[in-house]
Amino acid sequence: MPERTYSHQELEAKWSARWAADPTIFAAEPNSSKPKYYVLEMLPYPSGTLHIGHIRNYTIGDALARFKWMRGFNVLHPMGWDAFGLPAENAAIKNNRHPHEWTNYNIAEMKRQHRRMGFSYDWSREISTCEPEYYKWNQWFFTRMWDKGLVYRKQALLNWCSECATVLANEQVVNGCCWRHETIPVEQKELTQWFIKITAYADELLQEIGNLEGGWPDRVLAMQRNWIGRSEGAEVDFTVAGSGENIRVFTTRVDTIFGATCVILAPEHDLVKQYVTGDNAVAVKAMIDARATQGLGEVEKVGIDTGLRAINPFSGEPVPVWVGNFVLSGYGTGAIMAVPAHDERDFEFCSKYEIPIVPVVRPAEGELTLPFTEYGISQNSGQWSGLATADARAQMAAHAKANGFGETAITFRIKDWGISRQRYWGTPIPMIHCATCGVVPVPDKDLPVILPKDAQLTGKGESPLARTPAFVNVDCPKCGAPSRRETDTMDTFVDSSWYFYRYCDNHNSEAPFSSEAIKYWFPIDQYIGGVEHAILHLIYSRFWTKMMRDLGLISNDEPATRLFTQGMVIKDGSKMSKNKGNVISADTMIDEFGADTGRLFELFAAPPERDLDWTDAGAEGAARFLGRVFRFVTRNIDRLNETGEPGEADRKVLRKLHQTIRKITEDFESRWHFNTSIAAFMELVNELYTHEAALAPATRREVLEKIVLLLAPFAPFICEEMWEEMGRPGPVFKQPWPSFDEALLQEDGADIVLQVNGKVRSRLLAPFGTSKGDLEKLALSDPKVQSMIGTATVVKVVVVPDRLVNIVVKA
RNA sequence: GCCGAAGUGGUGGAACUGGUAUACACAGCAGACUCAAAAUCUGCCGGGGUUCACUCCCCAUGUGGGUUCGACUCCCACCUUCGGCACCA
């Protein structure tokens, strides 16, 4: 067969058509005796366009899936669609098309692009979260959580984005702005909303981060720890003089309580509503409004003296009660004791309003400068004076508890997950409001609550479902009285919190999934996605897993043992975005360079966890390289029956081949630096070009077979083509991964570096295992070394066998 | 401010447990092939100095110290960039 030129168009079209025609080709085996491997990439929002950023994510997963197949695993590699959400609704309003139609069109488009890229998904397991057969189970879980007290309804000040015309979870607020509209400040709005009690799992979510160490990136775990924000301290009651009412404060430094010179309430605190009147009430209202639109950074501290006094339970002294704009209502008890001598914020506030500053901790050594926030020795603190901070803290918390005015307390930063959205395109919340029975969950037999097709979408204020009488009006399932259906829909992060379980049993109409299927496939062996989901999606998913475990549905505690967060794709120095106009779609990239080339370039240009600069020149290089491999293989297929004896060239080539097999295998098994895998493969091909003419037939045969296998996880189309061209039965990604031969990859001898005073001066080739003494002799007799030593005295000789000799001399 | 990651040629990056710094590519330069170009193949390619030349020497991994026979790698201090959290009591 003559040498063929590499043309990606026809070759890739041919193989993607063949793969599409065989629905089981990438399917996991039922009842397999092989070990299982579940590799998962985060499911995309169906925007309609796959771009080179998505491609990086999927290419990493695809290379891994193909490698695992070749290593003999039963691989589950599914894909689906995070299909609910605002963009569909907004696009629908703009184009006058139904969101479902718009979404399904986009899904079809993206699926076509996935196929062009050759990603090895088992499409029989596909899910789309906007279909009733999926979102029915969101509703089912919701009513299960209601039964367990994990769902509740509460009036609260909530984050409101005027652009989205809906509320946002705390996790969706970025720098005081909406995560989708980074320039629109989030407002505070009082609404009655549905919450999921994720805080019930705060402790476990934090504790078990320890179990994920090693498998999840440190920075993700650090971000989650930070987000959960556990803090240990104490709660103490200050009694309002004259009224007998208690103000409970939270503090991590109860040891400084003798230095508390005022109590400060958050403006939203209940006592403020009760006691603050007249002009002060107006000022408090202004404070709340100012805070609602408060943007980035620190804001000048402002306070209002309520005129009330509260009694410090430790000292018995009365202190003034203030309202402060820097005290958060949603954290701790919404009230603090201000200890200006030992807290920077309190110091700033009290200095401004001339409230006394009383030091009660001194440093163990050195001068006291205020504010002093370190640990030290208590002073002016009654019977606790003289104690070290840690001891004082413990003893004083115990004292508070013994005397009934406080206790040790743990506070979390994480808040319950507000999931109500006042929009149409989401899962209807399966609840009914009855005048006599109150809130009643929709019974299982009536699930799913179908999202009606005909709601009017305006993109304004209240949920579109509220203006759809056929949806709203319903009889109470308990008493039969005419009632009103809940019209809010669920946050789409509900959909993505458990979707990877549904892949295991995606058409189950009796249950969200069979526990048997989950037992086999879970946990996910490798989850791959962007670091932007480090807190939102990944905390919700961990929570959902624990919740399902406690419902008795599954037995794993965590969804995924390993998580990989790939870097972003950068074009022309910045992240791709529509605004910058630097987005490269999969279609454009494939037309111009080919799917294999795009995949190879993205794996080669940087280690996968780092950001990657897309350059056309670099991609052209990858295409050139694939052409080099293709020509080499096709022109050598004819030469397999030549005769000849192996010689020096064969030894060199086989050594390089086996070294390369080892290198790539190790990269897959450990750190995933595919850039170095591919570099090693390029070195091998360079070596093959050098020795091509001299190769014996047996070597040629081995080389041809193995280079195709080695390249297969990275560039599947071209490898399938070459495998077929070689007359081998496919598919190539189900062939056993090549193993390496230790004997063949050994070099002839050790290349010993000869150093004088740590600088390389010469080198020599010695047989492996040459003794230290012999190496030293050889080194000292080396002419170059001798001339460098000259007349100096040899002080010491360091010998590292098979590596180097370092001769230390002194003039 | 706190937490995390990273600083190596013109560029992307390599050096995995302290042991040949700059693998592999991109860009650039030169040569071969060609009437010519493209494609392809081959070679050169951190900075400075030295030699007719083979060669050889010095410097360089953000900065300054340290440990070591030996440091991109370990330790201390600092600078810069990126990411996360940010009045969390």
Side-chain angles (χ1 to χ4, degrees), chain A residues 5 174-176 217-227 229-231 233 249-253 256 264 294 296-301 324-328 330-339 342-346 348-349 373 411-414 531-532 534-535 567-568 570 601 604-607 609-622 624-625 627-628 631 663 666-667 670-671 673 675-686 689-690 751-763 784 787 795-800 802-809:
Chain A
T5 357
V174 179
N175 287 334
D218 287 343
R219 71 173 157 160
V220 171
L221 299 181
M223 282 158 77
Q224 292 208 355
R225 274 198 193 95
N226 203 328
W227 189 264
R230 184 178 194 270
S231 144
V249 302
F250 173 74
T251 178
T252 53
R253 291 291 302 274
T256 63
I264 310 176
Q294 191 173 97
L296 304 139
E298 267 190 40
V299 173
E300 159 100 32
K301 289 181 179 50
N325 68 336
F326 69 103
V327 178
L328 305 171
Y331 182 76
T333 60
I336 63 163
M337 61 176 204
V339 185
H342 304 293
D343 182 281
E344 282 174 23
R345 295 151 302 179
D346 298 347
E348 189 190 331
F349 184 83
T373 59
T411 298
F412 291 94
R413 246 180 46 110
I414 190 170
V531 74
E532 66 273 19
I535 20 201
M568 285 187 309
I570 306 287
F601 173 70
F604 174 65
E609 71 277 8
R610 246 198 267 185
D611 285 351
L612 175 148
D613 279 298
W614 175 275
T615 62
D616 286 359
E620 279 159 23
R624 255 197 307 273
F625 175 73
R628 209 164 138 83
R631 288 190 306 276
K663 167 78 183 144
E666 283 176 358
D667 274 339
S670 61
R671 49 179 205 160
H673 278 196
N675 54 328
T676 63
S677 305
I678 292 164
F681 191 82
M682 287 171 168
E683 284 184 56
L684 169 64
V685 172
N686 290 343
Y689 266 68
T690 306
D751 185 17
I752 309 288
V753 171
L754 306 182
Q755 298 180 332
V756 177
N757 283 347
K759 287 194 170 151
V760 182
R761 296 303 178 184
S762 185
R763 60 187 64 232
K784 185 75 219 300
S787 84
V795 180
K796 187 175 178 185
V797 180
V798 180
V799 183
V800 183
D802 296 344
R803 273 222 128 108
L804 63 77
V805 180
N806 186 14
I807 296 157
V808 187
V809 301

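The figures here come from the full heavy-atom set of this structure, side chains too, leaving out hydrogens, waters and symmetry mates. The chains referred to below are lettered A, B, ... by the order of the sequence lines, with proteins before strands, and numbering in each begins at 1.
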First encountered from the 5' end of RNA chain B, between A/R219 and A/V753:
A/R219
Just how far is it from atom CD of A/E666 to atom OG of A/S677, taken to the nearest 0.5 Å?
10.0 Å
Evaluation steps, side-chain contact (heavy atoms from CB on, under 4.5 Å), between A/V531 and A/V220:
CA-CA 7 Å; A/V531 74; A/V220 171; 4.2 Å; yes
If you take atom types as modelled and just measure distance, does the side chain of A/N806 reach the base of B/C69 with a donor-acceptor pair under 3.5 Å?
yes
Selected nucleotide, minimal atom distance to A/M682 side chain, candidates B/U20, B/C85, B/A25
B/A25
Of all the base pairs, Watson-Crick or G-U under 3.5 Å, which form stems of three or more consecutive pairs involving RNA chain B?
B:1-7 with B:79-85, B:10-12 with B:24-26, B:28-32 with B:40-44, B:46-49 with B:56-59, B:62-66 with B:74-78
According to salt bridge (Lys or Arg N to Asp or Glu O under 4.0 Å), who are the partners of A/D751, at least two apart in sequence or on a separate chain?
A/R763
Give one of base, sugar-phosphate or nothing for A/V808, where a contact means two heavy atoms less than 4.0 Å apart.
sugar-phosphate
Below 3.5 Å is the cut-off: list the nitrogen or oxygen pairs between protein and nucleotides 46-48 of chain B, distance only.
none

Are a donor atom and an acceptor atom from the side chains of A/N686 and A/R628 found within less than 3.5 Å of each other?
yes
In Å and rounded to the nearest 0.5 Å, what is the NZ to CZ distance from A/K784 to A/R761?
6.0 Å
Expressed in angstrom and rounded to an integer, what is the separation of A/R225 atom CZ from B/G83 atom C1'?
17 Å
Contact class for A/T251 (heavy atom, under 4.0 Å): base, sugar-phosphate, or nothing?
sugar-phosphate
Contacts of type ring-ring contact (aromatic ring centres under 6.0 Å, His included), residue A/F349, not counting sequence neighbours
A/W322, A/F326, A/Y353
Would you say A/R761 places a side-chain N or O within less than 4.0 Å of OP1 or OP2 belonging to B/C57?
yes
Presence of A/K759 side-chain N/O under 4.0 Å of B/A21 phosphate oxygens OP1/OP2:
no
If you look at every strand shown and take non-hydrogen atoms under 4.0 Å, does A/E666 touch a base, only sugar-phosphate, or nothing?
nothing
Among all residues two or more places apart in sequence or in another chain, which pass the side-chain hydrogen bond (donor to acceptor under 3.5 Å, both in side chains) test with A/N806?
none
Nearest-Å distance once atom P is located in both B/C82 and B/A23
29 Å
Full working for side-chain hydrogen bond (donor to acceptor under 3.5 Å, both in side chains) between A/H673 and A/E609:
CA-CA 9 Å; A/H673 278 196; A/E609 71 277 8; 3.3 Å; yes
For A/A338, what residues pass the side chain to side chain contact (heavy atoms under 4.5 Å, CB included) criterion, not counting sequence neighbours?
A/C262, A/I264, A/D346, A/C350
Counting heavy atoms from C-beta on, name the nucleotide in B/C26, B/C87, B/G19 closest to the side chain of A/K301.
B/C87
Pairs under 3.5 Å (N/O, protein and nucleotides 41-44 of chain B):
unit_1	atom_1	unit_2	atom_2	d
B/C41	OP1	A/R628	NH1	2.8
B/C41	OP1	A/R631	NH2	3.3

Has A/K663 got a side-chain N or O lying under 4.0 Å from the OP1 or OP2 atom of B/C24?
no
Under the 3.5 Å rule, do the base of B/G19 and the side chain of A/Q755 count as making a donor-acceptor pair?
yes
Integer-rounded Å distance: B/A15 P and A/E683 CD
12 Å
If I take atom CD1 from residue A/I807 and atom NZ from residue A/K796, how far apart are they, to the nearest 0.5 angstrom?
13.5 Å
Among residues at least two apart in sequence or on other chains, which ones pass side chain to side chain contact (heavy atoms under 4.5 Å, CB included) with A/N757?
A/V808, A/V809
For B/A89, does either OP1 or OP2 sit under 4.0 Å from a side-chain N or O belonging to A/T411?
no
Rounded off to whole Å, could you give me the CE-to-P distance for the A/M223 and B/G83 pair?
12 Å
Would you tabulate the nitrogen or oxygen pairs shorter than 3.5 Å linking the protein to nucleotides 10-14 of chain B?
unit_1	atom_1	unit_2	atom_2	d
B/G12	O2'	A/A605	O	2.6
B/G13	O3'	A/N675	ND2	3.3
B/A14	OP1	A/N675	ND2	2.9
B/A14	OP2	A/R610	NH2	3.0

Could I get the full list of salt bridge (Lys or Arg N to Asp or Glu O under 4.0 Å) partners for A/E683, not counting sequence neighbours?
A/K656
So, using side chain to side chain contact (heavy atoms under 4.5 Å, CB included) as the criterion, who are the partners of A/S231 when residues are at least two apart?
A/F250, A/T252, A/Y331
Hey, does A/G621 reach any base, or is it just sugar-phosphate, or nothing, if we go heavy atoms under 4.0 Å?
sugar-phosphate
On a whole-Å scale, what distance lies between the P atoms belonging to B/A15 and B/C72?
15 Å
Could you tell me whether A/V760 contacts a base, only the sugar-phosphate backbone, or nothing, with contacts defined as non-hydrogen atoms closer than 4.0 Å?
sugar-phosphate
Please identify each residue that fulfils side chain to side chain contact (heavy atoms under 4.5 Å, CB included) with A/R225, with sequence neighbours left out.
A/L206, A/I209, A/E213, A/L221
Would you check if there is a donor-acceptor pair between the side chains of A/K663 and A/T676 at a distance under 3.5 Å?
yes
Along RNA chain B (nearest heavy atom to each residue), the more 5'-positioned of A/I678 and A/G332
A/I678
Please classify the nucleic acid contact of A/R413 as base, sugar-phosphate, or nothing, using heavy-atom distances under 4.0 Å.
base
Rounded to the nearest 0.5 Å, what's the gap from CD1 on A/I570 to CG on A/L612? Could you check?
8.5 Å
In B/G49, glycosidic geometry as syn within 90° of 0 or anti otherwise:
anti
Just how far, in rounded Å, is C1' of B/G1 from CG of A/N226?
13 Å
Please report, rounded to the nearest Å, how far the C1' atom of B/A6 is from the CD atom of A/E609.
11 Å
What is the distance, to the nearest angstrom, from the CG atom on A/L328 to the P atom on B/C87?
6 Å
Nearest whole Å is fine: how far is B/C26 C1' from A/E620 CD?
10 Å
Considering only atom C1', compute the distance from B/C44 to B/G83 and round it to an integer number of Å.
40 Å
Please report, rounded to the nearest Å, how far the P atom of B/C24 is from the CZ atom of A/F625.
12 Å
